[in-house]
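First the structure, in the form of structure tokens, and then the observations on it.
Keep in mind that the numbers below use all heavy atoms, side chains included, and drop hydrogens, waters and symmetry copies. Atoms within a ligand are numbered from 1 in the order they appear, just like the ligands themselves.
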Amino acid sequence: MAKTHSQTSEAEPGVVEQFDVIVIGAGIAGLYQLYRIRELGLSVRCFEDGGDVGGTWYWNRYPGCRFDSESESYGYSWSKELLQEWDWKEHYSGQPENEKYLRYVTEKFDLRKDIQFNAHVTSAVFDEQANCWTIQLESGQRVRAQFLIAAVGLLSARHTPPFEGMDSFEGESFHTSRWPQEKVDFTGKRVAVIGTGATAVQLIPEIAPEVGHLTVFQRTPNYCAPCRNSLVTAEEQAHWKATYDKIHKRIRETPVAFKYNFDPRKTFDVPKEERLAFYEDLWSKPGFTKWLSNFHDIMTDREANEDFAEFVRDKIRARVHDPVVAEKLVPKDHPFGSKRIPLETNYYEAYNRDNVLLVDVREAPIQRITPKGLETTEQEYEFDMIIYATGFDAVTGALTRIDIRGEGGQTIQDKLANGPRNYLGLQIAGFPNFFTAINGVFCNYTVCTESIVEWIADCIVHLREKGFQRIAPKPEAEEAWIEHINTVAEGAIYTQAKSAWFMGTNIPGKRRATLLNPLPAPEYRAKCTEAATNGYADFILQ
Ligand code: N01
């Protein structure tokens, strides 16, 4: 295999460097992809928009940001040495530690030399004659590579609603997913937070004690569940290190790659008293247990779901002193699990503070941002700082923001206009030699991503060994895959919220579509394996 020495500095002006592989993104997926490609002896360059590695854990550095997966199940599983070297401090590790971990991985495997930072990819055009991608950066730099891998993340394209007057605001404003590196001083300030998703739910209780006054603008209340984070003891750490094989085996067996799994019983097969005791027990446990160890039919049967939803509503009411505020915080318009469940620490207690006000923007929508603050249909507010915790243009957004052109010059924007068309989340018909995890995972991120990274690396090895120059899925395979995931997702609880990134309905004008692959992770992995072991029969190889 050709090996070209790659430099992370830009080449001489006018010289277009050529690589075997370009990876976009140095987050969890991109770093491992870079490592795997380099291990194959191929030349590779990784372009990263940010100033350092980390992806999600580089950009989302707002106060309170942390894992909602268990730390021992979130780290990479592919290096036994790394597993033994790294100590997690908390059961749900915080952003600073997560970023440190990814930097540690970067140094340990000497990945930095192949990453170009502050490198914003603006376009990628497929050259059908040369079977090669030409990638252009914002700086004007151009490079070429046979294979292009977009490790751009599911939740990386930030969404800021286009409120009128945003630029006129005279105070400080931040989007949580572009949080500054420098410490933000909240002392004594009048702060607005717009949004009450998982991000805001982590942020609000952290900053409430620091700010002068906090106003939270909520459109949809969530079913937030206690995280119950704690420090990892030396014994626990030692136990994980001794049993990582078992931990990874377990999470590879469960549908969403967590260490716990749904209860096989049906909700209403269990008598009421026993059911309540079961719910209480789940509630007392950390993490997503309340969701992913619950009766399996809460995610398929609306009545079963409602039974647990009511339990959660009562838990919320019990924590908020003012019954009017409590009722505003109680979700009633969507089933439990149809929006991602935010894990919280002291979230509801924040609303018991004298310096925190909850504004329901369903009652009084935001009209505009003003130089001094914000105006709803009912009132004007003055702020020193506005924080947009308004989420992401999920899954397809990070791809459609790049001008990617495949065969015949077709654009990725046209291709994905009606949803994430692709085959197995790995490739898109008409976009040869382009790989991505679009629509590939709906589970504990790292472990699911690892299998995709490995599939892509193995595919490239296959092509090189067999002398193929080009691979893309057959359009009919793509069609069948999309039909299959739509059929599986049909009627599922997770598709039923009015506004949720799961279905793209949080973005005005975005076509409602099954953005996430709903197959249980083991079934999805088996399909990917089969797609390779059957000689890539569903792909056009040239
Ligand atoms: O984004 P969101 P997020 N006017 O889309 C509101 C992951 N994550 O960044 O619900 C007023 O959930 C919007 O209202 P509504 C996790 O997968 C993980 O919080 O659309 N409000 C909503 O309240 C999560 O699911 C962790 O009605 C507007 C909020 O903004 C995903 O990231 C931590 C509005 C956006 O919530 C996204 O979470 C954090 C408008 N015009 C996040 N537009 C971990 O723990 C939007 N909103 C690992």
Sequence neighbours left out, what passes side-chain contact (heavy atoms from CB on, under 4.5 Å) with Leu155? Give chain and number order. Phe392, Ala394, Trp501

Check: of Leu343, Thr196, Ile341, min heavy-atom distance to atom 23 (O) of ligand 1 comes from Thr196

Ligand 1 contact on Gln218 by region, counting heavy-atom pairs under 4.0 Å: neither

Look at atom 48 (C) of ligand 1 and find which of Arg66, Arg158, Arg219 reaches it with the closest heavy atom. Arg66

Please work out whether any backbone atom (N, CA, C, O) or any side-chain heavy atom from C-beta onward of Ala198 is under 4.0 Å from ligand 1, and answer side chain, backbone, both or neither. both

At a non-hydrogen distance cut-off of under 4.0 Å, which region of Phe502 contacts ligand 1 (side chain, backbone, both, or neither)? neither

Regarding atom 30 (O) of ligand 1: of the candidates Leu155, Asn506, Thr390, which has the closest heavy atom? Thr390

For the aromatic rings, using the six-membered ring if either is Trp, is the centroid distance between Phe169 and Phe383 under 6.0 Å? no

For ligand 1, is there an atom lying under 4.0 Å from some heavy atom of Phe163? yes

Parallel, tilted or perpendicular, judged at 30° and 60°: which one describes the rings of Tyr351 and Tyr347? perpendicular

Of the listed options (Thr199, Thr220, Thr56, Val193), which comes nearest to atom 15 (P) of ligand 1 when hydrogens are ignored and any heavy atom counts? Thr220

If you scan protein heavy atoms around atom 6 (C) of ligand 1, the nearest is Gly195 CA, 3.7 Å

Option set Ala389, Pro221, Gly391, criterion heavy-atom distance to atom 29 (C) of ligand 1, minimum: Ala389

Determine whether the aromatic ring centres of residues Trp57 and Phe67 are separated by less than 6.0 angstrom. yes

Under-4.0 Å heavy-atom contact with ligand 1, by part of Phe67 that carries it: backbone

How are the rings of Trp86 and Tyr101 set relative to one another: parallel (under 30°), tilted (30 to 60°) or perpendicular (over 60°)? perpendicular

Sorted by chain and number, sequence neighbours left out, side-chain contact (heavy atoms from CB on, under 4.5 Å) with Val312 holds for Tyr223, Trp283, Phe308, Ile316, Phe336

Do Ala200 and ligand 1 have an N or O pair less than 3.5 Å apart? no

How close does the nearest protein non-hydrogen atom get to atom 33 (C) of ligand 1, and which residue and atom is it? Gln202 OE1, 3.3 Å

Would you say the ring centers of Trp240 and His91 fall short of 6.0 Å from each other? yes

